[in-house]
Structure formats: structure tokens, C-alpha cells
Amino acid sequence: MNTLKKINSESTELPDCIISHIFSLLSLKNLVKTSALSKQWYHEWGLRKDLTFDLHNMFDYSTVPELPTTLPPFQQIQFQFAASLYNFMQTYPGDMISSIRVKFPLGIDHTYAIDGLIHKGVLKGANRIELLFACETDFNIQPYKFLFPFLSGPNSLTYLHLQNCHLAATMEFSGLKNLRTLVLTIVPVKQNMLHYLFFNCIHLENFSLNQCLFLSDLKITSPSLLHLNINCGPIISWRNIDIIASKLLSIEFSSDCNYDRSLRMVNIKSHMLFKFSYKCGNISNLVDFSGLRNVTTIEFDGLRECLQSEVITHLFSECLQLQDVTFKECNIKCDMKISGSRMENVYNFGTIARLHLLEDLTMHLGLSQISVLRKDLVRFQNLRQLKLFIVGAYKPERDYLWILDIAMASPHLQKLSLTIRNGNSKTSHMVGSQRQRREHVRFIHKDLKYVELHGCVCSITVIELASHLLRSATLLKQITFSCRHNFYIGAGRWTLDFDGCCWFERNFIHEHLKDEVNEQCRLIIL
């Protein structure tokens, strides 16, 4: 308030944008007080167009306090909050409102204040309304019933978020024709409500259902919907959902429930769908994979069932356009081969190789899998980035020239990354370092720009690979050697037991490659 008095005394006229910015820094309680500073400012506080109603703004708390744990004090704060909300909107002098956000546990007993807020907000052109009435409390608050008769006519609302409300059976959606985004959180949902919603909201692009109670099977049918987000949380559901949306681009689904208690996506008809994100313990019999035929990006998070038998088989036989697949925090518990103290994934290279449109591929494999890998990876003609993580005891008779075959078969490859871990430190990869380099058929690659070689790369087998890449990649910008002190094992995790390269010598690499690096390429040795 002292700042406002100083400004008022120094200048009798300020641009509206400056005053609006000053008012945006004040709580609503102090905002109203500005009308007492001068007659000129009696109505100026109406320049505040974004209205947020919470404990801090309504009561000017420096920190947000905890709500009372006993009923009478809690109801008293509710009454004070609702009364202040009502009085503020009744005296608000502004000509226009951009957004309204309420974050406080109000309910049906405060309908008078909520209806007045919505009515005035809509009349003054609000394009964004958020009614967040949920809170962590043991009190039973009967939810506000959202009738919304104020939207039966034209309005500017494009974003609506309802939390802990009930949509009345007579809910009128005809006034929501401009709505672009709808978020329902902790709201009971029935099919007849969705039917009228999508019939009237002809421009709806983003739809989210967060921890909603599904009272029937659902059918989402919308010609305009682009993004669908369903977060079931801990809510138990045995319901089925059909998704028929011709323009739908992405689906995000998450649930904390077990296999037999989660929502089932039994029918997906969205031929433009390219991204599918799924976070749940199980997916088999819950998702119609045939509806994901055109998906290019898939992310699985937290799967607990057998990936090979329940996911991989269906995924790679149905989703033939895949370019990027991520398994995050998934439980790999089947089709594993145990070798000594380490594990190797048994990849089904035959099915993976069908994904000929892949552009970004990351693989973690053992030496025993290379013979299969080198036959299948040459089919990937659209690769732009390839990352290989190889674990196994070093053998001087093995080489990495097969990677050149992949480069030859992938003319669009731009970045190649190879990380090698010597699985047996007793066998140094410097064995055979004095032998003569092996030759490989010459080829020209015009797209490869960056090569990264990490881990146990100070060996003649890696040096000869680098040498051939320097000769063949005519526009190569940078080739990097580094001795990493840990090793990537997937899902954002790194090993903690790797001590780095068993023998890393900067001069050894430099002496072998210094004459093969041209002016446009940098040789970096870390």
C-alpha cells in the first residue's frame, strides 16, 4: 500500500497497462482498498482482469494457512470466503474479465456466490474459468451443482476446469460452442452427459478426465477432438470406453488400479492418432492395439506384466508405423537370459525389423546378439539416430565393422553413438592393439554429422571403426571419444559399479587418427 501511495503522490496519470500490472501484484483484499487512495482511483481497480480467489488473495495471508480440523471453524471460513467472493463480484467495476480461478473447498451451500461469480464473469467476456473446489479434508462437502444456465447464449468461454462439482441432469451445453479445452476432475460422468457435450461443443480440442467416477460405459465421439487425457488415479472402474475421433492426435492414459479394476479402451477409431502414452500396471485385454495402427510414438510406464508375451507381440504386429517406443519403470520378468552376473534381453529382432520407418533407435545388447542384430538392422533405411550399448568380455578377434554396414544401409543417419562395456576386466581390450587394421568396402555417406564413442573405446577394433567412418562420412563435423565411469542400462538409469575404461590412453587414439581428420571435423578426446 505504501508503494501505491507514493505512485499516487508523484503522478496523477499512469497508463492503464502500468496500473494493471501494479494491481496484479496485490491481493484482492488490498486491491479493493486502492479505491480509498483517491477519487481518481475509485474505479481503477477494475483494470485487474485476471481474478484468482484463494486464501492468500481473499484474506491477505502472507503464507497459506492450514484449514481448521474441526467443523465449526471450517464452516466459518467457508462462510467468510463465500461472502467475500460474492461482495467482490457485486462491486467489481471493471468492464472486462479475462479469467477467473477459484481454489477453495466450496459446495452447494455457497451456490449464491458461485452462480454470481460465473454470471458476471460470462457477461464480462471471461474466456477461462477454473472452479477448483476439492481439498484434503475429512468433512463431507456436498458438491456444487453446475447448472450453468448463463451459458445458454453467446459467450467467449474457451477454457473450463471443474473440480469436485456435479453436472446437473439438465446441464445446458448449447452455449459452449466456443469451448476449446474442458477439464473434469472428481466429477461423476455418464454417457448421456458426454453425448450432449460433444454434440454441442463443436470446437472442443482438448478433453481431460481426472479421477472421475464413471457411472456407465463411455463413448467419446467428436469430430474436432485433438488431445484426450484420462487419469483414473485410484478410482476403481469396470467400464468400457469407445473412442471415435477422426482428428485425434494423442491419448494419455494413467491408472493406479489393478488389472481387473481399470478402464478398458475396447474400441479406438482415430486414424490420425500418432502418440499414445499409457501408465498402468497392465495393458493386455485393456487396450485395443488394432486401433493404434498409425501411432508413431508410444510410451509405457509402470507395466508389471510380461512384456514379451503380453505387449511386444501385439505392439509390433499391429503398430507398423512406430518410430519411438519407450518402456519406463516397467517390470521385465520374462524371456530373459541369465549369463554370469549380468542379464541380456532376448530381442525379437524379426518383429522389430518390420518397423522399417523407425528414425530413432536405442538398443542395449550383449555380444551374443550381434550376429542377429547385424542381419536385421540393415533394413532400417530411415534411421536418423542410432544408439548402441554393448556389454561383453572383450575378444580381440571381434570387430565393430558391422556397424559400417548399418551406416551404408541408412543413408539418412545423422548421429551414431556407441557405448562399450568390457564385461570381464581381466581381459584387457588392449590385447591385439598392435595388429594391422582390417579393411572394409569403401562407401560415401553424406548425412552423418556426429559420432560418439564411449566406455572401453581405446582399442584397435574401435580405432579402425572410427578410421573408416572418418573416410566415408564426407561431411562429418565431430567425432568424440570418452571414458565414461558408468553405463546406461535403460529407462533413464545408469550402472553404479563401472570404474571406467580398463585402459584409456589419449595419445593412443590421437596418434592413430590424427592424419585422417580433415579440416571440417573435430576430434574430441575426453
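Basis for what follows: all heavy atoms, side chains included, without hydrogens, waters or symmetry-related copies.
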Counterpart residues, side-chain hydrogen bond (donor to acceptor under 3.5 Å, both in side chains), relative to Gln478 (two or more places apart): Thr480, Arg522
From Ile100 atom CD1 to Leu160 atom CG, the distance as rounded to the nearest 0.5 Å: 11.0 Å
Ser250/His227 under side chain to side chain donor-acceptor pair (under 3.5 Å): CA gap, chis, key distance, verdict: CA-CA 5 Å; Ser250 69; His227 306 286; 2.7 Å; yes
His412: partners by side-chain hydrogen bond (donor to acceptor under 3.5 Å, both in side chains), with sequence neighbours left out: none
Under 3.5 Å: donor-acceptor pair, side chain of Ser472, backbone of His468: yes
Cys201 versus Ser224, closest heavy-atom pair with distance: O-OG, 4.1 Å
Face-on cation placement of Arg128 at Tyr159 ring, 6.0 Å and 45° thresholds: yes
Name each donor-acceptor pair under 3.5 Å that joins a side chain in residues 205-213 to protein atoms two or more places apart or in another chain, with its distance.
residue : atom : partner : partner atom : Å
Asn206  : ND2  : Thr181  : OG1          : 3.0
Asn210  : ND2  : Thr185  : OG1          : 3.4

Phe481 and Val462: CA distance, side-chain angles, deciding distance, side-chain contact (heavy atoms from CB on, under 4.5 Å) verdict: CA-CA 10 Å; Phe481 285 78; Val462 178; 4.1 Å; yes
Parallel, tilted or perpendicular: ring planes of Phe327 versus Phe300, cut at 30 and 60 degrees: parallel
Short side-chain to backbone donor-acceptor contact, Thr158 and Asn127, under 3.5 Å: yes
Sequence-distant partners of His271, side-chain contact (heavy atoms from CB on, under 4.5 Å), two or more places apart: Ser246, Asn294
Side chain proximity check, Leu292 to Ile268, heavy atoms < 4.5 angstrom: yes
Contacts of Ser254 that satisfy side-chain hydrogen bond (donor to acceptor under 3.5 Å, both in side chains) - sequence neighbours left out: Asn231
Donor-acceptor contact below 3.5 Å, side chain Ser222 vs main chain Leu225: yes
Under 3.5 Å donor-acceptor, Lys477 side chain and Leu475 backbone: no
Donor-acceptor side-chain pairing of Ser482 and His454 below 3.5 angstrom: yes
Point-to-point distance, once rounded to the nearest 0.5 Å, from NZ of Lys328 to CG of Leu303: 12.5 Å
Donor-acceptor under 3.5 Å (Thr296 side chain, Phe274 main chain): yes
Check: Thr474 side chain, Lys446 main-chain N or O, donor-acceptor pair, under 3.5 Å: no
Test side-chain hydrogen bond (donor to acceptor under 3.5 Å, both in side chains) applied to Arg293 - qualifying residues, sequence neighbours left out: Glu318
Side chain Asn178, main chain Asn155, donor-acceptor under 3.5 Å: yes
Geometric class of the Phe276/Tyr278 ring pair [parallel <30°, tilted 30-60°, perpendicular >60°]: parallel
Under 3.5 Å side-chain donor-acceptor pair for Asp50 and Ser99: yes
Modelled atom types, side-chain donor and acceptor of His161 and Gln163, under 3.5 Å: no
